[in-house]
Number of protein chains: 2
Amino acid sequence: MSKSATHSYSRYSRAAAGLLGKLIRAARKQRRLTAQETADRAGISRGLLQRIEKGDPKCGIGAVFEVATIVGVQLFDADEAALAGHTRQAEQHLALLPKSVRRSPRAVTDDF
Amino acid sequence: MSKSATHSYSRYSRAAAGLLGKLIRAARKQRRLTAQETADRAGISRGLLQRIEKGDPKCGIGAVFEVATIVGVQLFDADEAALAGHTRQAEQHLALLPKSVRRSPRAVTDDF
DNA sequence: AATATATGGTTTATATATAGTCCATTAAGG
DNA sequence: CCTTAATGGACTATATATAAACCATATATT
C-alpha cells in the first residue's frame, strides 16, 4: 500500500450510502435536531455527521447505523425484535450451508 | 483523544450490523463464492471481509455495501432504479425542511 | 434589520482501520 | 483416507478516518 488505493465503489453502493445519508439528514431536520445535538447523542463529532449525511462511503457502518437509529431511520424496516428474529433465521440458514466453499471444477456461475 | 475512545454502540446498531454480516455470509456461501474471490471482486482484503461478515461496526459502510451488492444482498429492498427514485424523494422532502434547525430558546430544552 | 446560532469547510494531531503477510486448523472432494 | 483448498486468527506497517479547534457564511428568530 505505498500508493493510495483510491478504491472506487459501484454505482449501487454509492447510491445506497448517499440515499441513507439523505434519509438521515431529512429525518434529523424533521425532528428538529441540530447537527451538534445529534452528533453528541451518537457520540461522534459533528464533522463525521456531516460526512455521514453526505453519504461518504468511508464512514464506519456502526456510526452510520447509530445516527440512523437516533434520528429514527429504521434499518431493514424492522424493530429490534424483528431484527433478532431475522438474525436467528440467517443463522439457521447459514447452518445448512457447507462450512467451506470449495471452488468447483469450472469457474463460478456468474462472472463479469 | 489520548485515551482510547472505546465507543460503544446501541444494541440496535450492533444488531443491525451483525444481521447484515450474517446475511452477507449466508448469501456468499449460497452463491458458492470463496472469501478470497469475494474480497477480490470487492477490491478489499480477505481479513476485512471476515470482519464485515462478523458484523464489526468499524468497517467502512462503502465496503460493506459493496460486498452486499456482490453477493446479492439488496439494501433497502430496492434495485438501482428504485434507489434513484427514493433519493429524489428524499431530496424533495429535504427541500421542504428549513435549512437550519434552530433550537427554541426555552421550549424544547427539557422535552421529556 | 439586527443578532445569535447552525452549518460548511478547512487544518492538524492522533487513533485505528486496512492490506498484506504469516501459520494452524478445518473440511471438501477425489 | 488423503490431498488440497478454505478458513480463522494472529502480527506489522502504512494509509486514513476521526476528533478538535478553527473560521466564514448562511439563516432563523426577535
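What you are looking at is a predicted structure, and each value in this text was computed from that prediction instead of being measured. Values below: all heavy atoms of this structure, side chains included; hydrogens, waters and symmetry mates excluded. Throughout, a chain's letter reflects where its sequence line sits, starting with A, and its residues are numbered from 1.
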Spacing of NE2 belonging to B:His86 relative to CG belonging to B:Leu83, to within rounding of 0.5 Å
8.0 Å
Atom CD of B:Gln89 with >12 non-hydrogen neighbours under 6.0 angstrom
no
Would you please name every residue forming a salt bridge (Lys or Arg N to Asp or Glu O under 4.0 Å) with A:Arg11, sequence neighbours left out?
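By the salt bridge (Lys or Arg N to Asp or Glu O under 4.0 Å) rule, A:Arg11 matches B:Glu80.
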Whether A:Thr34 contacts C:dA6 is assessed here as follows: a side-chain N or O lying under 4.0 Å from the phosphate OP1 or OP2. Is that the case?
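False: A:Thr34 side-chain N/O out of range (4.0 Å or more) of C:dA6 OP1/OP2.
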If the cut-off is 4.0 Å, is B:Arg32 near the phosphate of D:dA6, judged by side-chain N/O to OP1 or OP2?
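No, outside the criterion.
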Rounding to a whole Å, what distance do you find between [X]:[atom1] and [N]:[atom2]?
{"X": "B:Leu48", "N": "C:dG20", "atom1": "CG", "atom2": "P", "value": "11 Å"}
{"X": "A:Arg102", "N": "D:dT3", "atom1": "CZ", "atom2": "P", "value": "13 Å"}
{"X": "A:Arg28", "N": "C:dG8", "atom1": "CZ", "atom2": "C1'", "value": "12 Å"}
{"X": "A:Gln36", "N": "D:dA20", "atom1": "CD", "atom2": "C1'", "value": "11 Å"}

Near DNA chain D, under 4.0 Å by heavy atom, which residues of residues 15-26 of chain B?
B:Arg25
Under 3.5 Å: donor-acceptor pair, side chain of [X], backbone of [Y]:
{"X": "A:Thr38", "Y": "A:Thr34", "result": "yes"}
{"X": "A:Arg28", "Y": "A:Leu33", "result": "yes"}
{"X": "A:Tyr12", "Y": "B:Leu75", "result": "yes"}

On DNA chain C, compare the nucleotides closest to A:Lys99 and B:Ile44; which residue's is nearer the 5' end?
B:Ile44
If each of A:Leu49 and B:Ser100 is mapped to the nucleotide of DNA chain D with the nearest heavy atom, which maps nearer the 5' terminus, i.e. the 5' end?
A:Leu49
Heavy-atom nearest nucleotide on DNA chain D for A:Val101 versus B:Val101: which residue maps closer to 5'?
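Looking at the nearest nucleotide for each, A:Val101 comes out on the 5' side.
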State whether A:Lys22 and B:Glu91 are salt-bridged, where the test is any N-O pair (Lys NZ or Arg NE/NH1/NH2 against Asp/Glu carboxylate O) under 4.0 Å.
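So A:Lys22 pairs with B:Glu91 through a salt bridge.
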Decide, yes or no, whether a salt bridge links A:Glu66 with A:Arg41 under the criterion of side-chain N to carboxylate O below 4.0 Å.
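No, no charged N to carboxylate O under 4.0 Å.
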Please report the closest heavy-atom contact between B:Ala16 and A:Phe65, naming both atoms and the distance.
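Taking B:Ala16 first and A:Phe65 second, the nearest heavy atoms are CB-CD2, 3.5 Å.
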Between the protein and nucleotides 9-12 of chain C, list every N/O to N/O distance that falls short of 3.5 Å.
unit_1, atom_1, unit_2, atom_2, d
C:dG9, OP2, A:Lys54, NZ, 3.3

